[in-house]
Amino acid sequence: MTTEASVSATAQSGLPSPARTDYYWIRSFISGGVAGCCAKTTIAPLDRVKILLQAQNPHYKHLGVFETLCAVPKKEGFLGLYKGNGAMMVRIFPYGAIQFMAFDHYKQFLRKKLGISGHVHRLMAGSLAGMTAVICTYPLDVVRARLAFQVKGEHRYTGIAHAFQTIYKQEGGVLGFYRGLTPTIIGMAPYAGFSFFTFGTLKSLGLIHAPELLGKPSLDNPDVLVLKTHVNLLCGGIAGAIAQTISYPLDVVRRRMQLGIVLPDSDKCLTLTNTLKHVYKQYGIKRGLYRGLSLNYIRCVPSQAVAFTTYELMKQILHLN
């Protein structure tokens with residue numbers, strides 16, 4: 001029997017093909033990790049500016065988004081825009097890998113084990129995947145935020161390893177790495193949920209109603225239709241914009257809690273509720289809870305667009321379709 005016949009027979013028998021079973025989760029893990037790294041590298045400078053504005057850094061809090069983008073290179077050099085990006089890459093590969101891999105796993109579990117299907121299972125699987133990824137990689141996110149918040153000449157941490165050591169010794173051991181975890185998880189549920197939900201729904205609608213216009217055969221399986229690259233980018237961008245709008249205030253709270261003793265008003269940012277009240281009373285909605293939102297729209301659209309598009313491409317390259 002030929003290889004093609006064997007694959008066909010396997011498919012007809014309902015058994016998973018070798019291409020899908022051999023190291024499937026490893027290949028899915030790699031695909032998600034690469035997607036996450038590509039997405040974050042694309043918007044690394046904007047990410048640092050967002051952290052500086054969200055936490056009201058004294059050197060830049062009087063500036064706007066684009067003014068800060070120009071001021072950082074002047075004060076700290078061009079590489080200042082990428083401060084904390086090394087820690088970001090260390091974090092984002094496992095984060096993206098776990099998130100995308102967990103999404104596929106949860107989606108299958110909800111559909112096959114619990115009988116939940118349609119649009120609901122995408123929303124639930126996305127929320128669960130986002131929370132799983134956050135819990136597994138949160139300490140790295142805390143360290144990355146601390147490094148990105150530093151300004152040249154006022155360094156509290158000399159690098160990733162030193163930041164880990166200092167936080168562990170001075171802020172209560174392991175618990176010091178989980179400041180802000182609650183608002184992060186609460187915020188991640190709607191963010192990841194609506195992100196995966198929106199992208200998956202747009203993808204399904206496009207391939208069902210306009211397959212010839214929006215779709216093309218997958219590189220690894222001609223029988224499977226996938227979205228064209230520019231359509232993937234558009235759907236990913238829309239998904240990111242919707243998700244960020246819903247969850248942004250919790251992202252601001254998360255950052256302030258993560259920065260901890262680095263901020264002069266850290267004693268007022270110990271819990272989710274206290275931080276929300278403090279930011280609202282001190283800065284209001286526009287300049288507090290939604291501080292830096294315009295930047296987030298600029299960064300989240302290309303970030304999510306690149307993430308989903310890269311993941312879809314990696315799925316074809318690593319034969320996941």
Shortest non-hydrogen contact from [X] to [Y]?
| X | Y | value |
| --- | --- | --- |
| Ala35 | Ala307 | CB-O, 3.4 Å |
| Pro73 | Leu81 | CG-CD1, 3.8 Å |
| His319 | Arg27 | O-NH1, 2.9 Å |
| Ala71 | Leu63 | CB-CD1, 3.7 Å |

Shared hydrophobic cluster for [X] and [Y] (ILVMFWY, side-chain gaps under 4.5 Å):
| X | Y | value |
| --- | --- | --- |
| Val90 | Ile135 | yes |
| Leu233 | Met314 | no |
| Val226 | Leu234 | no |
| Ile298 | Ile242 | no |
| Ile30 | Leu320 | yes |

With the side chain counted from C-beta on, respond yes when [X] and [Y] share a heavy-atom pair under 4.5 Å apart, and no when they do not.
| X | Y | answer |
| --- | --- | --- |
| Leu313 | Thr229 | no |
| Thr201 | Arg122 | yes |
| Leu250 | Leu272 | yes |
| Tyr191 | Gln244 | yes |
| Ser303 | Thr42 | no |
| Val49 | Phe66 | no |
| Thr41 | Ile92 | no |
| Ser247 | Met188 | no |

Does atom [atom1] of [X] have more than 12 heavy-atom neighbours, drawn from other residues, nucleotides or ligands, at distances under 6.0 Å?
| X | atom1 | result |
| --- | --- | --- |
| Lys277 | NZ | no |
| His105 | NE2 | no |
| Ile285 | CD1 | no |
| Tyr283 | OH | yes |

Looking only at atom types and distance, does a side-chain atom of [X] sit under 3.5 Å from a main-chain N or O of [Y], one as donor and one as acceptor?
| X | Y | value |
| --- | --- | --- |
| Tyr248 | Arg291 | yes |
| Glu67 | Gly64 | yes |
| Asp220 | Asn321 | yes |

Under 4.5 Å between side-chain heavy atoms, chaining through other members, with only Ile, Leu, Val, Met, Phe, Trp and Tyr counted: pull out the rest of the cluster around Leu207, sorted by chain and number.
-> Leu213, Leu214, Leu225, Leu227, Val231
List, by chain and number, the other hydrophobic cluster members for Phe196, where Ile, Leu, Val, Met, Phe, Trp and Tyr join if side-chain heavy atoms come within less than 4.5 Å, directly or indirectly.
-> Phe100, Phe103, Phe199, Phe308, Tyr311
What distance do [X] atom [atom1] and [Y] atom [atom2] have between them, rounded to the nearest 0.5 Å?
| X | Y | atom1 | atom2 | result |
| --- | --- | --- | --- | --- |
| Leu318 | Gln316 | CG | CD | 10.5 Å |
| Phe109 | Leu128 | CZ | CG | 9.5 Å |
| Asn232 | Leu202 | CG | CG | 10.5 Å |
| Lys40 | Arg91 | NZ | CZ | 6.5 Å |
| Ile167 | His162 | CD1 | NE2 | 10.0 Å |
| Phe149 | Ile51 | CZ | CD1 | 9.5 Å |

Output, in order, the C-alpha distance, side-chain angles, deciding distance and verdict of side-chain contact (heavy atoms from CB on, under 4.5 Å) for Val142 and Arg179.
-> CA-CA 8 Å; Val142 171; Arg179 286 177 60 100; 5.8 Å; no
Look at the rings of Phe93 and Phe29 and say which category their plane angle falls in: under 30° parallel, 30 to 60° tilted, over 60° perpendicular.
-> perpendicular
Criterion side-chain contact (heavy atoms from CB on, under 4.5 Å) on His278 and Arg256, from CA distance to verdict | CA-CA 11 Å; His278 172 66; Arg256 294 189 68 87; 4.3 Å; yes
Please determine if Arg144 and Asp47 form a salt bridge, counting it only when a charged side-chain N lies under 4.0 Å from a carboxylate O.
-> yes
Go through the steps for Tyr82 and Arg48 under the test side-chain contact (heavy atoms from CB on, under 4.5 Å), then give the verdict.
-> CA-CA 7 Å; Tyr82 289 86; Arg48 184 174 184 223; over 6 Å; no
Taking it one step at a time, do Glu312 and Lys203 satisfy side-chain contact (heavy atoms from CB on, under 4.5 Å)?
-> CA-CA 11 Å; Glu312 292 292 311; Lys203 177 182 176 181; 3.0 Å; yes
Per-pair distances, 0.1 Å, donor-acceptor, side chain in residues 171-178, under 3.5 Å, sequence neighbours excluded:
from   : atom 1 : to     : atom 2 : distance (Å)
Glu171 : OE1    : Arg146 : NH2    : 2.9
Glu171 : OE2    : Arg146 : NH1    : 2.8
Glu171 : OE2    : Arg146 : NH2    : 3.4

Check against side-chain hydrogen bond (donor to acceptor under 3.5 Å, both in side chains), Thr245 and Tyr297 = CA-CA 8 Å; Thr245 302; Tyr297 281 132; 2.8 Å; yes
How far apart are the C-alpha atoms of Ser127 and Tyr106, what are their side-chain angles, what is the distance that settles it, and do they pass the side-chain hydrogen bond (donor to acceptor under 3.5 Å, both in side chains) test?
-> CA-CA 10 Å; Ser127 298; Tyr106 285 131; over 6 Å; no
Begin with the C-alpha distance, continue with both residues' side-chain angles, and end with the deciding distance and a verdict on side-chain hydrogen bond (donor to acceptor under 3.5 Å, both in side chains) for Ser195 and Gln304.
-> CA-CA 8 Å; Ser195 184; Gln304 288 299 92; 2.6 Å; yes
